[in-house]
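Atoms within each ligand, like the ligands themselves, are counted from 1 in listed order. All values derive from a computational prediction rather than experimental measurement.
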Amino acid sequence: MTEQTETSQRPVLVVDFGAQYAQLIARRVREAGVYSEIVPHTATAAEIAAKGPVALVLSGGPSSVYEEGAPRLDPAVFDLGVPTLGICYGFQVMAQTLGGEVANTGLREYGATDAALTGDGGVLLGGQPAEQNVWMSHGDQVSKAPEGFEVLASTGATKVAAFGNYEKCFYGVQWHPEVKHSDYGQKVLENFLHKAAGLANDWNSGNVIAEQVARIREQVGTGRVLSALSGGVDSAVSTALVHEAVGDQLVAVFIDHGLLRKGEREQVEQDYVASTGVRLITVDARETFLSALAGVSDPEQKRKIIGREFIRAFEKVQADLIAEAAAEGDPIRFLVQGTLYPDVVESGGGTGTANIKSHHNVGGLPEDLQFELVEPLRTLFKDEVRAIGRELGLPAEIVGRQPFPGPGLGIRIVGEVTADRLEILREADAIARFELTQAGLDGEIWQCPVVLLADVRSVGVQGDGRTYGHPIVLRPVSSEDAMTADWTRLPYDVLSKISNRITNEVREVNRVVLDVTSKPPGTIEWE
Ligand code: XMP
């Protein structure tokens with residue numbers, strides 16, 4: 001996959017020096033209403049110039065600038081005449097490349113640190129309190145600013161904690177403005193983008209839709225398009241966008257594999273169709289999946305079976321549709337996929353340093369499909385996709401939906417998947433989801449898998465009798481990107497309510513337990 005500038009907007013390029021900072025910075029830049037993309041630090045000045053950037057942000061990273069082999073930036077990048085902000089490691093690279101000094105003084109700063117403005121803080125920090133709380137994470141520091149630079153802030157351990165060269169529009173901060181723990185972090189980014197670089201705040205869901213609609217029309221022309229809806233946010237929004245662009249040239253396919261959560265099929269078949277007017281074909285493959293899964297407990301084997309059956313079901317309906325289209329003399333040439341920007345970046349398309357993770361597409365479609373892909377969300381992050389979904393008028397239940405694995409409840413039953421067990425899990429999951437939403441906790445939770453330990457039974461007592469039921473595990477996690485996660489500290493009264501309701505209302509469940517493991521070492525799903 002090659003990275004390409006896919007919008008007509010000229011981007012702010014975030015130069016990635018490693019770790020996970022670049023993604024977060026790109027998101028914060030977009031939150032400031034300016035389009036941004038990530039490039040690896042190995043990009044040459046010519047490659048960077050070719051993308052026509054309106055500004056550059058040099059990210060933090062785990063290295064030390066004067067170490068052998070430390071990541072560097074082509075020095076000619078600083079001759080491009082593009083406004084540039086250096087952050088943490090990027091700040092040190094900027095200082096070193098432009099003739100300043102970086103040293104290991106033995107003074108480290110990690111976590112919340114007090115920074116004091118020097119003078120009025122210049123355009124970057126002007127108007128902010130003279131003292132502010134910033135988030136630091138560094139061992140080295142800039143010991144001398146390059147010539148032409150003014151020091152804008154300092155801390156107890158770091159004399160040069162921020163600097164600026166007004167003439168060249170080069171700025172830098174030692175701290176991490178992209179993390180929420182830096183009190184005025186977003187303001188620092190906004191000052192750089194809007195005031196220093198003079199960029200307008202005009203990247204929003206409205207103009208993304210208009211731009212994507214035009215782009216899709218150009219790509220597809222009068223061709224026919226197929227889309228697989230999974231019930232999740234990404235496929236729902238990408239399908240709706242394509243429908244907005246080409247109307248009835250699109251047909252959507254939804255495969256009910258019987259591993260969906262309560263109400264999902266109805267939401268897609270009724271609410272989604274009502275709000276988009278999309279032509280939808282539902283394939284009821286519940287029986288096929290269940291019989292293929294009979295007697296299987298091994299998680300990897302379950303995944304394989306579900307993937308295989310999904311492909312079979314899709315190929316069957318695809319063959320029918322292709323035959324129908326061919327009879328009308330108009331073959332189906334395009335397939336919609338809800339690929340997001342983090343998938344592109346993680347797959348190595350955006351940066352040379354990010355972790356490589358093979359991304360799961362919509363339920364694992366066959367690789368040899370002879371379609372041209374339409375991927376209208378390729379430049380977007382999840383929260384932007386949600387904003388577009390809302391703007392397109394999609395049902396709140398679908399737009400707000402937590403990430404849900406393609407193999408569905410099939411991997412949230414530890415043990416064999418049966419119709420009865422699915423019913424138990426569906427009920428428990430619906431209760432947990434309802435109560436979390438009622439308590440207003442959806443924003444704090446990345447996702448909350450509800451897991452049935454089908455092979456475990458324990459003794460309990462209910463009414464006058466002894467029970468021998470299954471435990472349900474609640475796995476609420478907070479995360480930025482699912483690569484790492486922490487367990488969400490849910491209020492006890494909400495947990496108590498969920499537990500009471502599940503044990504009272506769901507036959508066969510006599511215990512509810514809470515998973516308090518971070519990722520790593522645990523994964524988010526149980527399986
Ligand atoms: P783990 O369990 O690896 O999950 O920590 C990370 C994220 O990926 C989701 N997940 C999947 N998504 N197909 C998907 O579309 C899958 O097979 C799959 N397995 C895990 C999981 O829900 C979490 O958000």
Below 4.0 angstrom, N of the basic side chain to O of the carboxylate: do K382 and D234 qualify?
yes

Could D320 and K316 be called an ion pair, given the rule that one side-chain N must be under 4.0 Å from one carboxylate O?
no

Check: residues 402-410 side-chain donor-acceptor pairs under 3.5 Å, at least two apart:
residue	atom	partner	partner atom	Å
Q402	OE1	C448	N	2.9

Across all chains, not counting sequence neighbours, the side chain to side chain contact (heavy atoms under 4.5 Å, CB included) partners of R279 are V251, I281, L321, E324

Relative to atom 12 (N) of ligand 1, which among S479, P405, S230 owns the nearest non-hydrogen atom?
P405

Closest by any non-hydrogen atom to atom 3 (O) of ligand 1: pick that one out of E527, K519, E525.
K519

Going by the atom numbers of ligand 1, which of them fall below 4.0 Å from some non-hydrogen atom of T523?
1 (P), 2 (O), 5 (O)

Which bit of R303 is near ligand 1, meaning a heavy atom under 4.0 Å away: side chain, backbone, both or neither?
side chain

Are F371 and F334 close enough that their ring centres sit under 6.0 Å apart?
no

Geometric N/O contact G406 with ligand 1, under 3.5 angstrom
yes

Numbered atoms and elements of ligand 1 in range of Q447, under 4.0 angstrom, heavy atoms
21 (C), 22 (O), 23 (C), 24 (O)

Tell me whether I411 has any N or O atom under 3.5 angstrom from an N or O of ligand 1.
no

Numbered atoms and elements of ligand 1 in range of P407, under 4.0 angstrom, heavy atoms:
13 (N), 16 (C), 17 (O)

Ionic contact status for E527 with K302, cut-off 4.0 Å
no

